[in-house]
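Okay, so here's the structure we're looking at.
Every chain is numbered from 1 and lettered A, B, ... according to where its sequence line falls, protein lines coming before strand lines. Remember, predicted model here, so these are calculated numbers, not experimental data.
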Amino acid sequence: MEKREKKERRIGLPELTNAEKGKVVLRFAPNPNGPLSFGHARGIVINGEYAKEWEGELILRFDDTDTVVKPPLPHAYQQIPEEAAWLLGYTPHRIVIASDQIPHYYHHAEQMLKDGFGYVCRCSGEEFKVFRVDKTECPCRPNDADLNMDLWSKMLDGTFKPGDAVVRVKTDMTLKNPALRDWPALRMQDTANHPHPRKSIGSKYRVWPLLDFQSAVEDQLQGVTHIIRGKDLMDSTRKQKLLYEHFGWTYPETMYWGRVKVHEWGGFSTSQMRRDIEAGLFTGWDDPRLPTLSALKRRGITADALRAFWIELGVTQKDISVPLSALFSHNTKQIDDDAPRLSFIRSPQKFKLTGNHPQSVEVDVHPNHPKMGQRLFELNQPNIWIEAEDAVKGDLRLKGFVDVSLTAETADVQSIERQDQRPIVHWLSEKQSTPATLIVARDGEIMEFVGQMEAHTYPEGTMVQLERIGYGRVLDSTTILFSHS
RNA sequence: GCUCGUAUAGUGUAGUGGCCCAUCAUGAAGGACUCUCAUUCCUUCGACCCGGGUUCAAAUCCCGGUACGAGCACCA
């Protein structure tokens, strides 16, 4: 045996088991009941990176099979693919919409009933719960295929109403894990009163598959080779494997990640956000207080930063809690080199510049990149702005300009060159300044700082660095949305 | 209650029996550079949940405990 080389730190994502270059098929399957959120980004990034690494395919699948509890949001069908493409840097290879696939699910449900590994169960949820707990079989279980097909048709034609009957997968009522015992595969929904929001679907179907059945069948139809998802779906995998055994299919390789909590956000759900937005608590899905992808994008978080962040967390099954600063440090690396510097004076206090000083001064747009040009401050009309917090310090160095000593209304120039270790502060000439607003989302609240900002012509969307404050995104010529420090 | 899963520095993460008095990042502290509390660079700090067992050897395997999380929905 040769002595092994010193172990090297693995970089990037762990190796995909049983993968073949060019033949990997992965999927990300959100419910389109709202646009994508921070948490969804993990699914897109991880699956998307593996698809890229293995030269495989990424399927974006809309799991829109519930019209009552989590009804789909029509706009999401358009927004989600756009957001996914933004985040991935490429367009998902295939898009599948579950509500377009209902005939396939029916076909497999019928095969299940005909082959005897599924049955129509007319027990109520409460009644079946007793059987599940007691490990006993429900009276519907022994029904033969003909009776099951008859009951199935009564589900389809509306003889039965929602709640009257479900289709169950026959597993084993004595299974150790209660979650796996004869689990429900399809149920009825009142699509007359709760039509599917897609016009082409509407009230067309009464019987709808549940996640475990729909997802399992669809993965098989699409030839998915690897499923990477949250570990809350581990029992889902176990249920689906039992179904795959019935059908004689081979289940894909699986990987799981644990739960992520962001300290600053705590728990949130798409459904709750939707209610809060509709109730007017937020301005929209891109309200900077919300953990949605659109809000993060609007705040100036780059797709690269988001990707680096999720790749760094990897696919461990550990439940973790991360501070937003982890994401921000990635973002700083992405944007700092290109972010022009700008002066923003909060609580501005006006001083008249006295003494000998140049009539104008130029400072770099970016200290590390002189090629980005110069900023001109004209002082022939010698009023300047200084932050109130700095003004109390007395002797100051106006950054890039002169040493001054403050009185109540004047700033007396003491030296052009820097003479001592007095604090360096950012400042603004009155002529180059404009009233402006800095919007900051913090602790679930929106704060607006009104002040004086250096006039600029950067277009909407430009990431700038407000000197001594932090990074922000230009919303318009007089408004900056604070990103992070 | 039943079932399943996880446990490495403040926070994330590498590590699949000897290379580990444990990796990298972030964070904190200090310093260099810099006319920003930015960027960049350097230094320092700081961890294998607890208890048994297997083994010549355990962060790594096994058992028990503890903690945390998840599933047991006619939600996804």
May I ask you to check whether A:Glu378 and A:Gln432 show a side-chain donor-acceptor distance below 3.5 Å?
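A:Glu378 vs A:Gln432: donor-acceptor pair found between side chains.
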For a quick check of understanding: with a heavy-atom distance under 4.0 Å over all strands, which category does A:Ser124 fall into, base, sugar-phosphate or nothing?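 Base contact - A:Ser124 has a heavy atom under 4.0 Å of at least one base atom.
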Exercise for review: Select base, sugar-phosphate, or nothing to describe what A:Asp66 touches, counting heavy atoms under 4.0 Å on all strands.
Suggested key: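 It contacts sugar-phosphate atoms only.
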Checking base pairs now: Watson-Crick or wobble, both atom distances under 3.5 Å. What partners B:U26?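 The answer is B:G10, by the H-bond criterion.
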Checking N1-N3 plus N6-O4 or O6-N4 for Watson-Crick, or N1-O2 and O6-N3 for wobble, each under 3.5 Å, the partner of B:U16 is none
Look at the side chain of [X] and decide which nucleotide, out of [options], has an atom nearest to it.
X: A:Ser329; options: B:C75, B:U26, B:U36; value: B:U26
X: A:Val166; options: B:U36, B:G71, B:C74; value: B:C74
X: A:Arg418; options: B:C35, B:C74, B:A70; value: B:C35
X: A:Leu233; options: B:A76, B:U36, B:U39; value: B:A76
X: A:Arg10; options: B:A14, B:U36, B:U26; value: B:A14

For residues A:Trp208 and A:His196, establish whether the separation of their ring centroids is below 6.0 Å.
yes
* Asked: What about the rings of A:Tyr205 and A:Tyr106, do their centers lie closer together than 6.0 Å?
  ->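 Ring centres of A:Tyr106 and A:Tyr205 closer than 6.0 Å.
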Under the 3.5 Å rule, do the base of B:C24 and the side chain of A:Arg9 count as making a donor-acceptor pair? yes
- prompt: Is the base of B:A38 touched by the side chain of A:Arg468 through a donor-acceptor pair closer than 3.5 angstrom?
  reply: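 When only heavy-atom distances are counted, A:Arg468 does not reach the base of B:A38 through any donor-acceptor pair under 3.5 Å.
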Open item on the list: Distance to the ring centre below 6.0 angstrom and angle to the axis at most 45 degrees; does that hold for A:Arg168 and A:Phe128?
Closed with: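 Cation-pi check for A:Arg168 and A:Phe128: passes.
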**Asked** With a cut-off of under 6.0 Å to the ring centre and 45° to the axis, is A:Arg198 in cation-pi contact with A:Tyr77?
**Response**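 Yes - A:Arg198 lies over the ring of A:Tyr77, closer than 6.0 Å to its centre and within 45° of its axis.
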note: A:Arg341, atom CZ; B:C35, atom C1'; distance rounded to Å ~ 14 Å
- Query: Just wondering, do A:Asp66 and A:Gln189 contact through their side chains at under 4.5 Å, heavy atoms?
  - Reply: yes
Protein heavy-atom contacts under 4.0 Å, written 5' to 3' over nucleotides 1-11 of chain B as B (base), S (sugar-phosphate only) or - (none), form the string -BSSBSSS--S
